[in-house]
Amino acid sequence: MKIFAVYAILLLYSGQVSDCRETVEGYLQLYGSDHFPQLAVVTGKHGRLFLDVTAEQRNDLWNNREGYIRITGRIYEDQWMGKPHAFIRMDKWEWIDTLHN
């Protein structure tokens, strides 16, 4: 019974977006293939965080990138290519010249 309760709690909270906003800085990196692209910000603190954005936003960010980026948003875990990964749902972003970590 305890195993079922733990499993139910994990299912309930997997993929849930945190209520805490966090600001991260890093550079953009494109992963995947032409058919399944996934844009991420690579940071010193969190490593790779996939961006929770539309295809249009992804293309705009990638095609107009200017060095480093500062993103404020909510970090959560979800699936990509069948494995769990960290994602960030962006509230706002800006290009920056250097990292301030």
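Along the sequence shown, residues carry numbers from 1. It should be emphasised that the depicted structure is a prediction, and the values quoted were computed from it without experimental measurement.
Between the CG atom in D52 and the CZ atom in R58 there is a gap of 12.0 Å [rounded to 0.5 Å]. To the nearest 0.5 Å, atoms CD1 (I88) and CG (D91) are separated by 8.0 Å.
Judged as a side chain to side chain contact (heavy atoms under 4.5 Å, CB included), and not counting sequence neighbours, the contacts of K92 are R21, T72. Remark: R65 engages L28, W62, W95 in a side chain to side chain contact (heavy atoms under 4.5 Å, CB included) (not counting sequence neighbours). For Q57, the side chain to side chain donor-acceptor pair (under 3.5 Å) partners at least two apart in sequence or on another chain are T54. Applying the ring pair (Phe, Tyr, Trp, His ring centres under 6.0 Å) test to H85 and every residue at least two apart in sequence or in another chain returns F50, W80. Scored by the side chain to side chain donor-acceptor pair (under 3.5 Å) test, N63 finds no partners at all (sequence neighbours excluded). Evaluation of the salt bridge (charged side-chain N to carboxylate O under 4.0 Å, His left out) rule for R70 yields E25, E94 as partners, not counting sequence neighbours. Remark: D60 engages no residue in a salt bridge (charged side-chain N to carboxylate O under 4.0 Å, His left out) (not counting sequence neighbours). Remark: Y68 pairs with Y27, I96, L99 by the side chain to side chain contact (heavy atoms under 4.5 Å, CB included) rule, at least two apart or across chains.
Cluster membership check: M81 shares its hydrophobic cluster with F87, using side-chain heavy-atom separations under 4.5 Å among Ile, Leu, Val, Met, Phe, Trp and Tyr.
Nearest heavy atom pair, residue R48 against residue A40, reads CG-CB, 3.6 Å. Closest of all the heavy-atom pairs between Q29 and L39 is O-CD1, 3.5 Å. Contact record, Y76 with R74: CD2-O, 3.8 Å, taken as the closest heavy-atom pair.
For CG of D97, the number of neighbouring non-hydrogen atoms (other residues, nucleotides, ligands) closer than 6.0 Å is 12 at most.
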Practice item. Kindly determine whether V41 and I69 satisfy side chain to side chain contact (heavy atoms under 4.5 Å, CB included), including the steps that lead there. Key: CA-CA 8 Å; V41 58; I69 191 168; 3.8 Å; yes
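Using a 4.5 Å heavy-atom threshold, the side chains of L61 and L51 count as touching. Counting heavy atoms from C-beta outward, Q79 and P84 have side chains that approach closer than 4.5 Å.
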